[in-house]
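All values derive from a computational prediction rather than experimental measurement. Letters go in sequence order (proteins before strands), and every chain restarts at 1.
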Number of protein chains: 2
Amino acid sequence: MDSFKNNVKNIINEVCPISELAFEAIEKYLEFESYAKGADFISLNKENDKEYFMLKGICKSYLINPEGDEITISFYVENSILSPHSIRTSNMKANQYFKALTNVELASINASKFEALMIENLEIRNFGNVVLQKELLSKVDKEIGLASLSAKDRLLKFRRKYKMLENLIPHGAIASYLGITNVSLSRLRKE
Amino acid sequence: MDSFKNNVKNIINEVCPISELAFEAIEKYLEFESYAKGADFISLNKENDKEYFMLKGICKSYLINPEGDEITISFYVENSILSPHSIRTSNMKANQYFKALTNVELASINASKFEALMIENLEIRNFGNVVLQKELLSKVDKEIGLASLSAKDRLLKFRRKYKMLENLIPHGAIASYLGITNVSLSRLRKE
DNA sequence: CCTGTCCATTAACAATTGATAAAAAGCAAC
DNA sequence: GTTGCTTTTTATCAATTGTTAATGGACAGG
C-alpha cells in the first residue's frame, strides 16, 4: 500500500478514530500532491474541489487586505488536516489563499466524494464534523486572543500552539497572524 | 398556521431559497421560545441541542477571558440565524455563551432532527451548508479586521455591518467585540 | 423627590504599538 | 568568496490605545 495512505490513516485516527472499513472507503480516493516552497496551491476566487491532509511541511492560509499586505489567517503543520473545503469555499470558489511556506506534501480527496461518504457513513460523518468543530474552535480561540490579549501575550500563545514554528517561517507571516508589524514582533522577541 | 413559522420561512428563503415541500419538513419541528433581556439562553459547558432562528431582538455570543471580562464574539439581530449547533457545541456541550441583549423571541428546532433532515434532503443540506459558510466567512472577515485594521476602522466596519446597533446595546459589549476598552470606544465615538 | 446603580463621557498620564529609516544578518546564485 | 536580495534587528519619534479616576446622565425602586 502507498505509504502516504498510511500517514493519512494516522492523521484521521489522531483526530477521531474510525474503523478499518470506514478508512478503506476513503483510501481508494486519496491522491498525492506536492508543492514547492512559495507556491499558492489554493488561490482566492479560483475553483478548488478537494479536501487536504498535510503530510509534510508547513503552509499558511491568508488574505490580502486593501493595502496589499498578506494577512495570515492560520498555519497548518505536518500531520494535520487543512481547513475543510466547505468553509473555505463559496460558490465553488476558494475564499482565501493557501501558500506553501516550505516544500509541502499533501494527500487530497475530492470534496464532493468526501461529502457523499459523510452522508452515507456515520463514522466518516462524525470524523468530518469533529474536523469542522476543531477548525471553528481554533478560530474562536484566536479571535478571543486578538480581542483581549496584548501583542506580547498573543506571541506567547502562538509559541504554545505552534511549537518550533517561530524559527522555520518568515516572521512577517507570524506578525500578520498576531496582528502586529514585523518590527513590533522583532521588538517583542528581544525580551 | 402559527405566524412565527412564516417568519422562519422568510428567514430561510432570504439565505438560500428552498421549496415549499422542504420547508414543510422543517416546519413541523419548529418551536417558539422567548427570553428576557439579560438571560443567557445558551451557557458554556451546558448541554444544548437546538438550532435557532432570531425572530425578534438582539443577542450576543461571548466568552469570559481569564480576567473575568465578557468578550463579545458576535452579534445576532432580528430575522437572522444563530451560529449553527455543530460549530458552537463540542462533546454535546456549548463552547460559548449566548446572552439576550434585549427581550428576544426565537424559533428553535432539534439539532439532531435538523441534521437528519440535512442528510435526507438536498435542499435542506444546501441551506445548512450556506449557513455554515456564511458564519465562517463572517468570522474570517472579523479576524482580518482585528489583525489589520486600526480600532477606528474596526468601529467603522462594525457600523456598516450592524447598522443601528450602536444605540441599542451596551457599549461595553461593542468595545470587547472591537478588541478595545469602553473608554477607547467612547473616545473614538467623539470624533 | 431622593437614592443608588449602571453606563457613558472626559481628562491626565502611562504604556504599547506603529512608521520610517538605517544597519546587520542570512541566503542563494554566480 | 562576492554580489545582490530579502529578512531581521535596532533606533528614534509619533500615534494609538490602556489605565485610573472623576463627572454627569439615565433610570428604576422606594
Starting at CG of L188(A) and ending at P of dT10(D), how long is that distance when rounded to a whole Å? 13 Å
Residues 37-45 of chain B side chain polar contacts: donor-acceptor under 3.5 Å, at least two apart:
{"from": "D40(B)", "atom 1": "OD1", "to": "Y62(B)", "atom 2": "OH", "distance (Å)": "2.8"}
{"from": "D40(B)", "atom 1": "OD2", "to": "Y62(B)", "atom 2": "OH", "distance (Å)": "3.2"}

Whole Å only: how far is the CG atom of L185(A) from the C1' atom of dT10(D)? 14 Å
Atom-to-atom span, CD1 of I180(B) to P of dA8(C) - whole angstrom: 13 Å
For I174(A) and dT9(D), give me the distance from atom CD1 to atom P, rounded to whole Å. 10 Å
Nearest to the R187(A) side chain among dT12(D), dT10(C), dT9(D), which nucleotide is it? dT12(D)
Can a donor-acceptor pair be found between the side chains of S86(A) and N129(B) at a distance below 3.5 Å? no
Value in whole Å for how far the P atom of dT19(D) lies from CG of N182(B): 10 Å
OP1 or OP2 of dT17(D) sitting under 4.0 Å from any side-chain N/O of T181(B)? no
Among dT10(D), dT17(C), dT19(D), the one nearest any side-chain atom of V183(B) is dT19(D)
For H85(A) and A111(A), the nearest pair of non-hydrogen atoms, with its separation, is CG-CB, 3.5 Å
Is K157(B) salt-bridged to D141(B), cutoff N-O under 4.0 Å? yes
Let me know the distance between CG of L149(A) and C1' of dT16(C), rounded to the nearest Å. 14 Å
Hey, does the side chain of S184(A) come within less than 4.0 Å of dG18(C)'s phosphate (OP1/OP2), counting only N and O? yes
Euclidean distance, atom CG of residue D153(A) to atom C1' of dA15(C) [Å, nearest integer]: 14 Å
Between C1' on dC27(C) and NZ on K37(A), what's the gap in Å once rounded to a whole number? 9 Å
Please tell me whether S74(B) and S61(B) have a donor and an acceptor in their side chains that are separated by less than 3.5 angstrom. no
Hey, does the side chain of S186(A) come within less than 4.0 Å of dT8(D)'s phosphate (OP1/OP2), counting only N and O? no
DNA chain C: K152(A) or H171(B), which has the more 5' nearest nucleotide? H171(B)
Think R189(A) has a side-chain N or O under 4.0 angstrom from the OP1 or OP2 of dT9(D)? yes
